Amino acid sequence: MAVLSVSDLKKAYPTKEIFERVSFQIEKREKVGLIGQNGSGKTTLFNVLTNKISFDEGKIFIPADVTVGYLKQQTDFESEMTVYDYCKKIFSKLLKIQKDIEELSKEMASLNISQEKLEEIMQEYQKKTDFFEKHNGYAINSEIIGTLKGLGFSDDEINKKISQLSGGQKARVSLAYLMLEKPDLILMDEPTNHLDMKAVNFLENFIRNFSGAVIVISHDRYFLDNTTTKTLFMTANSLNVYNGNYTYFKEQRKKELEILNHQYKNQQKEIERQKEIIERFKNLGGSKRKRGISQSKSRQKLLDKMKVMEKPQDDDRKISIRFKPRIVSGMDVLKAENLAKSYGNGNIFENLNFEIFRGERVALIGDNGVGKSTIFNIISGIINDYTGKITTGESVKIGYFDQEQKNLDLENTVVDEIRREYPKLTIFQIRSYLAKFMFKSEDVFRQIKELSGGEKARISLLKMMLSDANLILMDEPTNHLDISSKEILEDAILAYEGTVLYISHDRYFINRTATKVLYMENDHIEEYLGNFDYFIQKKNELEETEDITNKKTKTQIIKDRKKEKEKQKEISLIKKEVKRVEEKISKIEEEIKNLSLLTYDENFYEDKDNAKDILQKISKFQQEKEILFEKWMEISEKLEEITIEN
C-alpha cells in the first residue's frame, strides 16, 4: 500500500526553476534516502509535501488515514514545559483514558451502586483497559525516558525547561517527539546533525524497526547505508529513483554516467559531422550549387530539430596529484603522556596517552563532552593549564582547519586568495591546483563571499596543503558539507603526504580516510590500527571477550591475568632487545659510511698498510652487521608470533 504518490511535480520561483517532472511512490514501511547537492531542492520538496509552500504543477496523493510527521533541519521553538512534559503531550489521549480507568475503578468500589450500573461500568472499564493495554499505556514513562536517553539526554536535561536548552538540544527534543508520535510517514531533514555516534545508532535502530515509512534527507552516507532501501537523487531540476541504499546508488550512478558520457560524445561527433557536410554542400559550385544549397538547408533543419544532450555532470572528482608538505617532519609527530584537564572541581579527562607518526590519518572519536576539542586546543597551544606532557616531533608544523574558514578574505576572488598566500606560484600552477579542487573555468574568478560552505572549505584545505604545515588538525571538517564536497575533501586528504588528526562523527568519512582510530573515554584512549569498520569489529570482539571473562571463575581470571602479565613482560623485553640491536646496526652502518668515505680519496692507496687496515675494518663491520641483521630477523619474528597470539 502506497502512503505517498507524487507525479509530474513542478516548483519554480520567478528567477529560478527548482524542479520539474518529479515522480515517485513510497510504500508502507519503506525507508528512503533523499540526496542531492545543496540547493538542488530537497528541503523545498519536503515543504511542498507538508503543505508549507505551494507547487505549480503535478499531483500529490496521501491517503486520508495516513498521518505525516516532519522533522525540520533548523528547529528553534520556545516552551516553558520540561523536556519530559513536552514529550508526554503525545500520549494525552492515553493519559485521559488512564484517568478514566482510575475514576471507573473508584465507582466500582462504591457501596451505593446497583448491579445493573456496576455491570455497565465494568463493561466500560474493560473496554478502556483493553485499549490502554493494546496501545502500551503502562509503558508510557519508560518509552519517553528510553527515547530521550537514547538520543543523549541526561536525567538533569530531561527535567529542564525547553527554553533553557541549546539549539542542538531543541533539535533532539523535536526528533524524540516525532519518534514517540510514530506517524505513518516520517519526513526527516538532516536528523543526525546534533547526534553523537551512540544517538545515531539509536536512531538507526528506530528507523529499521519502525512500522511506518520514512524519507530522510541526509549527507551521512554511513547512516543512509544502514537505514535505507531506496534512494531518490535530485539533480538538474529533476529526480531519479534507485532501488537500493547509498552505496548501490553510487555504483549505479557511475554506470549511468559512463553510458551518458559515451552517448554525449557520440552525439557531439555526429553534430560536428553534420556541420561539415552542410558546409560542403554550401560550398558546391557550378551546376551543383543550387542542389547543394537545398541539401544544406534540409540537413540544417534536421540538425536544428535534434534534441541535444546536456553534458553529463561528472561525479568522478578524484584528486590526481599528491600533496607533499614543503617541510617534512620526523617520524615521531606527536606524543601525549598522562594528559589531564579539569575545570573547577570536575575532571574532563585524565591519564590520556597516545602517539601519532608521520603519514598517519588519525580519527579521534568518542561521546560528546568527553573532551576531544579540548585536546585540540591543548595541541594548538590555546589551552596551557593542563597536566601531563604534549611533545611534538622534529620539524613538526601544525595547521588548523577552521570550520568557519575565518582565514579567508571574503572580498578576494578564488584565484587571488591563493596568489596572495603563495605569490611565487604561477597563474598556471594556481589554476591547476584549483582545478583539482573542482574550481574550473570562470569559477576561479568568483569572490569568496559568493561561495558555499563546502566551496570555502575546499579553498581553506588547499591553502593548508600548500603551506609549511605538516600536521593538520581538523575539528568536524564535514559538518554542513554536501556529499560532493565531502568526497572532494576525502580525496584531498588521501592525496596528502603529511599527517592528519581529526575529530569527526562522520563514519563514512572515517572509514574512507582513517589509518588509525583513537577512541576516547574520560580516563583513557584506546588505539585501533584501521578505519571505522575495523574499530567496530575489534570493539565488538573485545566486548564478547569481556562477556566470556565475566563468566569465568575468580581463580581462572587470576591465572589469565598472571599469564597475560608474563606475556606482556616478555613482549617488552623482546622490544627492548629489538631496539638495542637496531641501535647497534645503525652505529655500524655509520662506521662503514665514514670509513667508505676515506676510500674515495684519490691518494687512498698510496699508503698500502693504512688502506689494507681500513678495508679490513670495513669487511669486519659488514660481517658484524650481517650477524646482527640475522639476530634482528630472529627476534622480530619471535615478537610478531607472540603479538599475533596475544
Side-chain angles (χ1 to χ4, degrees), residues 4 6-13 15-26 31-49 53 55-58 60 73 187-190 215-221 223-225 228-265 267-268 307-318 437-443 451-455 458 478 480-491 508:
L4 171 66
V6 175
S7 58
D8 296 323
L9 201 65
K10 179 179 178 180
K11 175 64 184 175
Y13 293 113
T15 57
K16 184 182 180 183
E17 187 175 82
I18 307 300
F19 51 74
E20 63 176 349
R21 303 187 309 277
V22 165
S23 299
F24 61 91
Q25 186 167 293
I26 307 297
K31 311 302 187 292
V32 182
L34 175 59
I35 65 172
Q37 291 187 356
N38 288 346
S40 60
K42 303 183 296 294
T43 299
T44 301
L45 178 59
F46 269 16
N47 286 329
V48 167
L49 295 176
I53 58 175
F55 57 96
D56 303 321
E57 295 175 13
I60 298 172
Q73 184 175 353
L187 308 181
M188 294 181 170
D189 195 346
E190 295 293 352
I215 309 176
V216 59
I217 297 171
S218 182
H219 293 133
D220 187 333
R221 296 156 292 174
F223 174 77
L224 290 169
D225 271 350
T228 62
T229 54
K230 181 189 280 188
T231 301
L232 307 179
F233 176 52
M234 296 197 79
T235 179
N237 304 331
S238 63
L239 181 145
N240 297 323
V241 180
Y242 297 82
N243 291 313
N245 63 11
Y246 176 78
T247 297
Y248 173 84
F249 151 76
K250 282 293 289 181
E251 292 167 356
Q252 294 302 116
R253 180 70 178 159
K254 186 178 179 181
K255 292 174 186 175
E256 282 179 8
L257 282 169
E258 287 172 358
I259 294 168
L260 288 170
N261 273 309
H262 181 69
Q263 291 173 342
Y264 173 77
K265 287 174 184 175
Q267 189 185 60
Q268 289 296 307
K307 187 176 180 181
V308 180
M309 290 177 66
E310 289 184 17
K311 187 175 182 180
Q313 292 181 346
D314 187 5
D315 282 4
D316 187 20
R317 297 178 173 93
K318 298 292 179 188
F437 279 69
M438 300 312 295
F439 291 100
K440 299 178 180 178
S441 304
E442 297 304 308
D443 283 343
L451 304 181
S452 68
E455 289 168 327
R458 281 186 251 153
T478 63
H480 312 300
L481 301 189
D482 62 24
I483 289 175
S484 295
S485 293
K486 287 182 181 184
E487 289 175 349
I488 294 167
L489 181 66
E490 288 161 1
D491 291 336
Y508 200 100

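Note that this is a predicted model, so its numbers are computed, not measured.
Not a single salt bridge (charged side-chain N to carboxylate O under 4.0 Å, His left out) links Glu20 to another residue, sequence neighbours left out.
Thr231 has its side chain out of reach of Val32: every pair of non-hydrogen atoms, C-beta onward, lies at least 4.5 Å apart. Side-chain contact between Val22 and Asp8 is absent, with no heavy-atom pair separated by less than 4.5 Å. Within the 4.5 Å cutoff, the side chain of Met234 has heavy atoms near those of the Leu45 side chain. Put simply, the side chain of Lys230 does not reach to within 4.5 Å of the side chain of Lys31, judged on heavy atoms. Looking only at side-chain heavy atoms (C-beta outward), Leu4 and Leu49 come within less than 4.5 Å of each other. Looking only at side-chain heavy atoms (C-beta outward), Met309 and Gln268 stay at 4.5 Å or farther from each other. Residues Glu490 and Thr478 have side chains not in contact (no heavy-atom distance under 4.5 Å, counting atoms from C-beta outward).
Note that the CG atom of Leu232 and the CG atom of Leu34 stand 5.5 Å from one another [nearest 0.5 Å]. Between Gln252 atom CD and Asn240 atom CG the span is 12.0 Å, to the nearest 0.5 Å. Atoms OG and CD1, on Ser40 and Ile217 in that order, are 8.5 Å from each other to the nearest 0.5 Å. Summarising the geometry, atom CD belonging to Gln267 is positioned 9.0 Å from atom CD belonging to Gln263; distances are rounded to the nearest 0.5 Å.
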Exercise. Does the pair Val216 and Leu224 meet the rule for a side-chain contact (heavy atoms from CB on, under 4.5 Å), with working shown?
Worked result: CA-CA 8 Å; Val216 59; Leu224 290 169; 4.1 Å; yes
For this session: Carefully, step by step, assess Ile60 and Leu9 under the rule side-chain contact (heavy atoms from CB on, under 4.5 Å).
Result: CA-CA 8 Å; Ile60 298 172; Leu9 201 65; 3.8 Å; yes
Exercise. What do the steps show when you test Tyr242 against Glu256 for side chain to side chain donor-acceptor pair (under 3.5 Å), and what is the final call?
Worked result: CA-CA 12 Å; Tyr242 297 82; Glu256 282 179 8; 2.7 Å; yes
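Glu455 places no side-chain N or O within 3.5 Å of a backbone atom of Met438 that could act as its donor or acceptor partner. A donor-acceptor pair under 3.5 Å links the side-chain atoms of Lys42 to the main chain of Gln37, judged by distance alone. Judged purely by atom type and a 3.5 angstrom limit, Lys10 has no side-chain atom pairing as donor or acceptor with the backbone of Gly58. In terms of modelled atom types and a separation under 3.5 Å, the side chain of Thr228 and the main chain of Asp225 share no donor-acceptor contact. Side-chain atoms of Ser218 come within 3.5 Å of backbone atoms of Asp220 as a donor-acceptor pair (strictly under, hydrogens ignored).
Contact record, His219 with Ile483: CD2-N, 3.7 Å, taken as the closest heavy-atom pair. Closest heavy-atom contact between Lys11 and Thr44: CG-CG2, 4.1 Å. When every heavy atom of Ile488 is checked against every heavy atom of Arg458, the shortest pair comes out as CG2-CD, 3.6 Å. What you find for Ser23 and Ser7 is that their closest heavy atoms are OG-CA, 3.4 Å.
For the side chain to side chain contact (heavy atoms under 4.5 Å, CB included) test with Phe233, the passing option among Leu239, Val241, Ile35 is Ile35; the others fail.
At a threshold of 4.0 Å, the pair Glu57-Arg21 does not count as salt-bridged, since none of the basic side-chain nitrogens sits closer than that to a carboxylate oxygen.
Asp189 and Thr43 form a side-chain donor-acceptor contact under 3.5 Å, judged by distance and modelled atom types alone. Defined by atom type and a distance below 3.5 Å, a donor-acceptor pair is missing between the side-chain atoms of Tyr508 and Glu487.
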